[in-house]
*Asks:* 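Attaching a single structure in C-alpha cells format; questions to follow.
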Amino acid sequence: MRVLLMPRWGGTAGSDWYPWLVNELDVPVSVVELDRPDAPTIEVCVDQLRSELAGDASRTCLVGHSVSCLAIVHLLATLPESSVPAAVFVAGWWTIDAPWKTIRPWIDTPVDTARARRAVGESHVLLSDDDPFTSDARSTQRNWRDRMGSNVQIEPGGAHFNRAQENAVRDLVVKVVRRMEP
C-alpha cells in the first residue's frame with residue numbers, strides 16, 4: 001500500500017501538514033509537486049497524477065487537499081472501473097464563496113462524477129465547519145455524497161486544514177489505508 005498526495009493551490013511538498021503526514025504514516029507517501037502551484041490547471045494536474053499513479057493504482061490511496069480534490073475527481077473520471085481502492089479528499093469543494101479568475105475552470109469544467117465514482121473503491125471527505133473558502137459545509141457535504149457517494153466528516157474548527165499538524169487528516173488516512181491492507 002502507498003499514499004499519493006497532491007497539495008492545495010499554492011502548496012508544495014513542504015507546505016501545511018504534508019511533511020508531517022509523511023512521517024506519521026507506516027506506508028510510503030509520495031507528494032506530487034505541482035507544475036505551477038500558484039495557477040494549477042486541470043489538464044496538467046491530471047497528467048501529473050496519472051504519471052505518478054502509473055503501474056501502482058490498485059495499491060494506492062489518493063489524498064487531495066482543496067483544489068487537488070477536484071484534480072483527483074477529474075483523474076478518476078478517466079480511469080477504468082475499480083482502478084483505485086480509496087481516495088481521501090481534505091477541504092474538498094465543488095464551488096467556493098469568492099472565486100477568482102484562474103480558479104473558475106475548476107468550478108466550471110464539467111466532470112463525469114458517475115464514472116469517477118465507479119473508478120474508486122471508497123471515498124472519504126474531511127470538511128470543516130469554518131472553512132474560509134466554503135462557508136456552507138452542509139451543502140458541500142451533500143454535494144460530495146450525491147456526486148461521489150463519499151463518506152463525509154465535518155471537523156469543528158478545522159478551517160482549511162493548513163496547520164503543520166492535522167490529526168483529523170492523519171487519523172482518516174490511517175483508517176482508510178488500514179482498510180486497504182490485505
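Side chains included, hydrogens not; waters and symmetry mates left out as well; all remaining heavy atoms used.
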*Asks:* Of all heavy-atom pairs between Ser15 and Gly10, which one has the smallest distance, and what is that distance?
*Replies:* OG-O, 4.5 Å

*Asks:* Counting N and O atoms only, with roles assigned by atom type, does the side chain of Thr12 sit under 3.5 Å from a partner on the main chain of Gly14, one being a donor and the other an acceptor?
*Replies:* yes

*Asks:* Same cluster or not: are Val84 and Trp144 linked, directly or through other Ile, Leu, Val, Met, Phe, Trp or Tyr residues, by side-chain heavy atoms under 4.5 angstrom apart?
*Replies:*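 Yes, one cluster joins them.
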
*Asks:* For the residue pair Leu127 and Val152, establish whether any side-chain heavy-atom pair is separated by less than 4.5 Å.
*Replies:* yes

*Asks:* Are any non-hydrogen side-chain atoms of Glu181 and Val177 less than 4.5 angstrom apart?
*Replies:*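 Of all side-chain heavy-atom pairs linking Val177 with Glu181, at least one is under 4.5 Å.
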
*Asks:* Can you tell me how far apart CG (Asp47) and NE2 (His74) are? Round to the nearest 0.5 Å.
*Replies:* 13.0 Å

*Asks:* For Ser128 versus Ala159, what's the shortest heavy-atom pair and its separation?
*Replies:* OG-N, 2.8 Å

*Asks:* Mind checking whether Leu126 and Glu166 have side chains closer than 4.5 Å, heavy atoms only?
*Replies:* no

*Asks:* Are Val22 and Leu34 grouped together when hydrophobic residues (ILVMFWY) are joined by side-chain heavy atoms under 4.5 angstrom apart?
*Replies:*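 Different hydrophobic clusters.
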
*Asks:* If only atom types and distance count, is the side chain of Trp106 paired as donor or acceptor with the main-chain N or O of Pro40 below 3.5 Å?
*Replies:* yes

*Asks:* Output the distance between atom CZ (Arg170) and atom CD (Gln165), rounded to the nearest 0.5 Å.
*Replies:*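 Interatomic distance, Arg170 CZ to Gln165 CD, rounded to 0.5 Å: 8.0 Å.
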
*Asks:* Check whether Leu4 and Val169 end up in the same hydrophobic cluster, where Ile, Leu, Val, Met, Phe, Trp and Tyr are linked by side-chain heavy atoms less than 4.5 Å apart.
*Replies:* no

*Asks:* Per the side chain to side chain contact (heavy atoms under 4.5 Å, CB included) rule, which among Ile42, Val46, Thr113, Asp112 passes with Val73?
*Replies:* Thr113

*Asks:* Taking atom types as modelled, is there a side-chain donor on Ser66 or Trp93 under 3.5 Å from an acceptor on the other?
*Replies:* yes

*Asks:* Does any non-hydrogen side-chain atom of Val63 lie less than 4.5 Å from one of Tyr18?
*Replies:* no

*Asks:* Check Ile72, Asn143, Leu76 against Met148 for a side chain to side chain contact (heavy atoms under 4.5 Å, CB included) and give me the one that passes.
*Replies:*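 In the set Ile72, Asn143, Leu76, the residue that makes a side chain to side chain contact (heavy atoms under 4.5 Å, CB included) with Met148 is Leu76.
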
*Asks:* Do His160 and Phe133 have their ring centres less than 6.0 Å from each other?
*Replies:*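 Yes, they do, as the ring centres are separated by less than 6.0 Å.
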
*Asks:* Donor-acceptor pair, distance only, cut-off 3.5 Å: does the side chain of Thr78 make one with the backbone of Leu75?
*Replies:*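 Side chain of Thr78 to backbone of Leu75: a pair is present.
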
*Asks:* On a heavy-atom basis, which atom in Arg117 and which in Arg147 lie closest, and how many Å separate them?
*Replies:*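 So the two residues come closest at CD-O, 4.0 Å.
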
*Asks:* Are the side chain of Asp129 and the backbone N or O of Gly157 linked by a donor-acceptor pair below 3.5 Å?
*Replies:* yes

*Asks:* Just checking Arg138: does its CZ atom have more than 12 heavy atoms from other residues, nucleotides or ligands closer to it than 6.0 angstrom?
*Replies:* no

*Asks:* Of all heavy-atom pairs between Val31 and Pro7, which one has the smallest distance, and what is that distance?
*Replies:* CG1-CG, 3.9 Å

*Asks:* For residues Val90 and Trp17, report the shortest heavy-atom separation together with the two atoms involved.
*Replies:*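 Minimum heavy-atom contact is CG1-CZ2, 4.0 Å.
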
*Asks:* Can Arg104 and Asp108 be counted as an ion pair, charged N to O under 4.0 angstrom?
*Replies:* yes

*Asks:* Out of Leu53, Leu5, Val32, Val88, which residue meets the side chain to side chain contact (heavy atoms under 4.5 Å, CB included) rule with Leu62?
*Replies:* Leu53

*Asks:* Test of understanding: with side-chain hydrogen bond (donor to acceptor under 3.5 Å, both in side chains), list the residues that count as partners of Ser68, not counting sequence neighbours.
*Replies:* none

*Asks:* Just wondering, do Glu52 and Met6 contact through their side chains at under 4.5 Å, heavy atoms?
*Replies:*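 No, side chains not in contact.
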
*Asks:* What is the distance from atom CG of Leu21 to atom CG of Asp16, rounded to the nearest 0.5 Å?
*Replies:* 11.5 Å

*Asks:* Using a 3.5 Å distance criterion without hydrogens, assess whether the side chain of Trp9 forms a donor-acceptor pair with backbone atoms of Asp38.
*Replies:*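 Between the backbone of Asp38 and the side chain of Trp9 there is a qualifying donor-acceptor contact (under 3.5 Å).
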
*Asks:* Just verifying a value: how many Å separate Trp20 CH2 and Leu25 CG, rounded to the nearest 0.5 Å?
*Replies:*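 Atom-to-atom, Trp20:CH2 and Leu25:CG are 8.5 Å apart.
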
*Asks:* Decide yes or no for Gln48 and Ser51: does some side-chain heavy atom of the first lie under 4.5 Å from some side-chain heavy atom of the second?
*Replies:* no

*Asks:* Check whether Ile107 and Val111 end up in the same hydrophobic cluster, where Ile, Leu, Val, Met, Phe, Trp and Tyr are linked by side-chain heavy atoms less than 4.5 Å apart.
*Replies:*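 Both belong to a single hydrophobic cluster.
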
*Asks:* A quick test of your reading: do over 12 heavy atoms of other residues, nucleotides or ligands sit less than 6.0 Å from CZ of Arg178?
*Replies:*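 No, not enclosed.
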
*Asks:* Rounded to the nearest 0.5 Å, how far does CE of Met1 lie from CG of Asp26?
*Replies:* 14.0 Å

*Asks:* Are there over 12 heavy-atom neighbours, none belonging to Arg2, within less than 6.0 Å of that residue's CZ?
*Replies:*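 Atom CZ in Arg2 is crowded, with more than 12 foreign heavy atoms closer than 6.0 Å.
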
*Asks:* What distance separates Asp130 CG from Ile154 CD1, expressed to the nearest 0.5 Å?
*Replies:*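 Between atom CG of Asp130 and atom CD1 of Ile154 there are 11.0 Å.
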
*Asks:* Looking only at non-hydrogen atoms, find the nearest pair between Phe89 and Ser123 and report the distance.
*Replies:*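 Nearest heavy atoms, Phe89 then Ser123: CE1-CB, 3.7 Å.
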
*Asks:* Kindly indicate whether the side chain of His65, heavy atoms from C-beta on, has any atom under 4.5 Å from the side chain of Asn162.
*Replies:*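 His65 reaches Asn162 side chain to side chain.
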
